[in-house]
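All remarks here apply to the structure that follows.
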Amino acid sequence: MAKVYPAGELRLENVGEEVTVNGWVNNRRDLGGLIFIILRDRSGLVQVAIDPRDNPEAHAAASDVRNEFVLRITGTVRKRPEGTINDKLPTGQVEIVPNKFEVLNPAKPLPFQVNDNSEVDELQRLRYRYLDLRRPFMQNNLIMRHKVTKYMRDYLDERGFLEIETPILIKSTPEGARDYLVPSRVHPGEFYALPQSPQQLKQLLMVSGMEKYFQIARCFRDEDLRADRQPEFTQLDIEMSFIQQEDILQLIEGLYTGMAQTLRPDKKILQSPFPRFSYDESMARYGNDKPDIRFGMELTDVSDLVKDSEFKVFSGAIAAGGQVKGLHLPGCGSYSRRELDGLVDFVKQFGAKGLAYLQLEGETGSLTSKSPAAKFFSPEQLQAIAQKFGPEVKGGDLLVFVADQPAVVANALGRLRNEMGKRLNLINQNIFAFCWVTDFPLLEWNGDENRWDAVHHPFTAPKPEDVPLLETDPGKAKANAYDMVCNGYETAGGSIRIHNRDVQTKMFGLMSYSLEDTQARFGHMLNAFEYGAPPHGGIAAGLDRTIMLFTDEENIRNVIAFPKTQSATDEMTQAPSPVDQRQLKELHIALALPPEKKPGQAN
RNA sequence: GGAGGUGUGGUGUAGCGGCCUAACAUGCUUCCCUGUCAAGGAAGAGACCGCGGGUUCGAAUCCCGUCACUUCCGCCA
């Protein structure tokens, strides 16, 4: 019996061997006499040459074969004749001459072609996902996904971690995202929730003495989708006992450095060890807490230069407790009115009231501007402002400013910075720019509810030195929380947890949870923490986003085998779908549908 | 909940008030062809232009509504 080979692995050294290959017809070239079939399996492509003089039966069978038929070919590997070598294929020096040609299954013409990488309508791809996944780039993405999770498991196993599964049906403890709910048949009127993450369970495993836990965990959040967000997604979830923040950072940094070097050796890691920014520094320099440090163009604060300016937009904002910051856009001084308006509209959608700009002309040191805002500044003031952005500012450049409260300024300019980085081609696509953002605020004031909300989650520990601030100025307290960022994506986030009952009680108090409330929602956690909870902390890394980075994809659907559409439907199986009255009755559920929409009336 | 983009043979696009009885590529069907490799050549089938309404002498094309996909805002501890 001939050895079964992956089609894409046949080479010159196999010449003369009798082999069997299984796969799909990628394409077929019928020269009248000779027929060439390019057979595709997961490993790649190989050519089968069928000559009617060698094997009339095989030739007859091959004549009826069409694209995507499933074949099993047993034959001899032959070196291709001189001048017929195909450099584009790894197997291009050889071909298979079949002794046995079996059609395992025919195939109808496909709704779209899978043997090239041309764009296909997203709906078609999702409806026929099993065909979309035949395309080599999608197969490569899933192969990369496997390699990443394999690397993670090996890395953590070597360091003494245990992979432990946690339940998918858990208790709903609403806070943060909306839960997916599952009705209980046995307990009428009661519901399970699908986990938004295994957060509480992994902390309880620390109380159990597992010490080092990890899980490649599915998480569920019933929120609207984005290019990098699906309602169900996967996290590498990690928790450790008896450790400091530094231990977690080292662990994850080692993991991602190793993965990058092993799985994408062609990509350079921008800086190692990964640079670290405090939350405040990241907000000040990049305008967000997930800075893309593949390019500069940092936010520049000109508040002190313009606080007494005649330009009321600037001086007024500062007088109201705000600030004025700007970006230096090299070469954009020649933007048309239309393009400038485009920038203004861009920042407006992020809460800025407007965007002031200075189109610079002349020589460095004596720059001038004819822009409307320029008339409020003396030539000296204009120089000072320009210089604040650095010595490289020159005629032909554009300076843009947002004047507002710091949060608005940061958001508007942070978004604009990312947009302009892309537009001006400042981003090197061949690097991984990892960094850490640390020292997040612990709490943020919720004006609507008149209480404090946890920025990370309610079990996040304050920095020890900031515990007294919980009494005096909770908004100033920093958390032992940290995010790892890569190329502007938040790739992982975690914290050291509270294991002290008093601090936890204080936190719940600030968040205005009543005693009953706390007990009902987190009683199991508080009880557990009374039986000897070790100091612990952890992190969760977004697996899907990690794969996106490792495959250069900009869409999460391309790294998930069976993703959902933006309206959270599965086009392949048509989920969600109405269910039988019987099922509903068994679950003690009566529908109260909005009048206009009935289930099952898509299209 | 809101804003933008897209919707034309199986697939990807062009056409953006009359030349459209809708074009091109690819795929599909039939035929020719023994060294192709995105094989080539010949012939052919296939879309009432997402759906509904309106404007107009005339609509794939303009307007309104609606549905779907998509990107973004809100939302996502």
Side-chain angles (χ1 to χ4, degrees), chain A residues 26-38 45-54 59 66-68 78 80-89 91-92 95 108-128 131-132 173-179 196-197 199-200 219-231 233 345-351 411-412 415 418-419 440-444 446 452-460 479 481 490 493-495 507 511 540 542 554-555 557 564-567 569 571 596-597 601-603:
Chain A
N26 192 70
N27 59 311
R28 173 176 158 279
R29 293 183 282 273
D30 186 343
L31 272 58
L34 261 183
I35 296 176
F36 295 103
I37 286 176
I38 305 299
L45 305 172
V46 72
Q47 173 163 287
V48 182
I50 304 122
D51 190 323
R53 292 171 306 197
D54 295 345
H59 187 267
R66 292 295 178 269
N67 282 356
E68 301 304 318
R78 176 169 76 187
R80 291 201 194 185
E82 283 305 315
T84 65
I85 286 164
N86 185 351
D87 297 328
K88 290 180 206 155
L89 287 184
T91 62
E95 62 191 6
K108 295 199 292 185
L110 267 44
F112 53 85
Q113 285 160 256
V114 300
N115 55 10
D116 61 16
N117 279 343
S118 59
E119 293 290 309
V120 179
D121 180 62
E122 194 69 27
L123 200 54
Q124 293 294 328
R125 293 181 59 191
L126 293 174
R127 190 162 288 161
Y128 299 97
L131 299 180
D132 192 41
T173 56
E175 37 143 349
R178 239 174 259 121
D179 281 328
Q196 295 179 21
S197 80
Q199 182 60 39
Q200 297 184 19
C219 305
F220 305 86
R221 294 178 192 174
D222 187 2
E223 296 294 344
D224 289 336
L225 291 83
R226 287 288 187 280
D228 64 348
R229 254 164 44 190
Q230 282 270 311
F233 61 98
D345 289 341
F346 182 85
V347 296
K348 275 186 176 166
Q349 59 174 316
F350 303 107
N411 190 30
R415 303 272 195 163
N418 285 337
E419 172 67 20
F440 280 79
L442 182 69
L443 297 159
E444 67 185 342
N446 181 335
W452 295 95
D453 281 341
V455 169
H456 192 54
H457 61 68
F459 303 103
T460 299
E490 184 197 320
S495 65
M507 284 287 286
M511 290 183 275
E554 291 192 347
N555 195 297
R557 293 187 300 276
K564 297 194 170 45
T565 67
Q566 193 170 38
S567 51
T569 62
E571 280 302 313
E596 67 275 32
K597 273 196 182 174
Q601 284 206 333
N603 301 324

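Given the structure is predicted, the values throughout are model-derived calculations rather than measurements. Lettering of chains follows the sequences in order, A, B, ..., and the numbering in each one begins at 1.
A:Gln47 comes within 4.0 angstrom of a base, heavy atoms only. Residue contacts for A:Gln566: at a heavy-atom cut-off of 4.0 Å it reaches a base atom on one of the strands shown. Residue A:Asp87 is out of contact with every strand shown, counting any heavy-atom pair closer than 4.0 Å.
Side-chain nitrogen and oxygen atoms of A:Thr569 include none within less than 4.0 Å of the OP1 or OP2 phosphate oxygen of B:A68. A sub-4.0 Å separation between OP1 or OP2 of B:U71 and a side-chain N or O of A:Asn555 is present. The phosphate of B:U36 (OP1 or OP2) has no side-chain N or O of A:Arg29 nearer than 4.0 angstrom.
Between B:U36, B:G27, B:U30, one nucleotide has an atom nearer to the side chain of A:Thr84 than all others, and that is B:U36. For A:Arg415, taking side-chain heavy atoms from C-beta onward, the closest of the listed nucleotides B:G35, B:C72, B:U71 is B:C72.
In terms of position along RNA chain B, the nucleotide closest to A:Asp51 lies nearer the 5' end than the nucleotide closest to the other residue of the pair A:Asp30 and A:Asp51. Nearer the 5' end of RNA chain B, as judged by each residue's closest nucleotide, is the contact made by A:Glu119, out of A:Glu119 and A:Glu95.
For B:U56 and B:G44, the C1' atoms lie 38 Å apart once the distance is rounded to whole Å. Taking atom C1' on both nucleotides, B:C49 is separated from B:G12 by 15 Å, rounded to a whole Å. On the C1' atoms, B:G46 is 27 Å away from B:G52, given to the nearest whole Å.
Remark: A:Phe220 CZ is packed, more than 12 non-hydrogen atoms of other residues, nucleotides or ligands lying under 6.0 Å away.
Rounded to whole angstrom, the span from the CD1 atom of A:Ile35 across to the P atom of B:A39 amounts to 14 Å.
The backbone N or O of A:Asn26 lies less than 3.5 Å from a partner atom in the side chain of A:Asn115, making a donor-acceptor pair.
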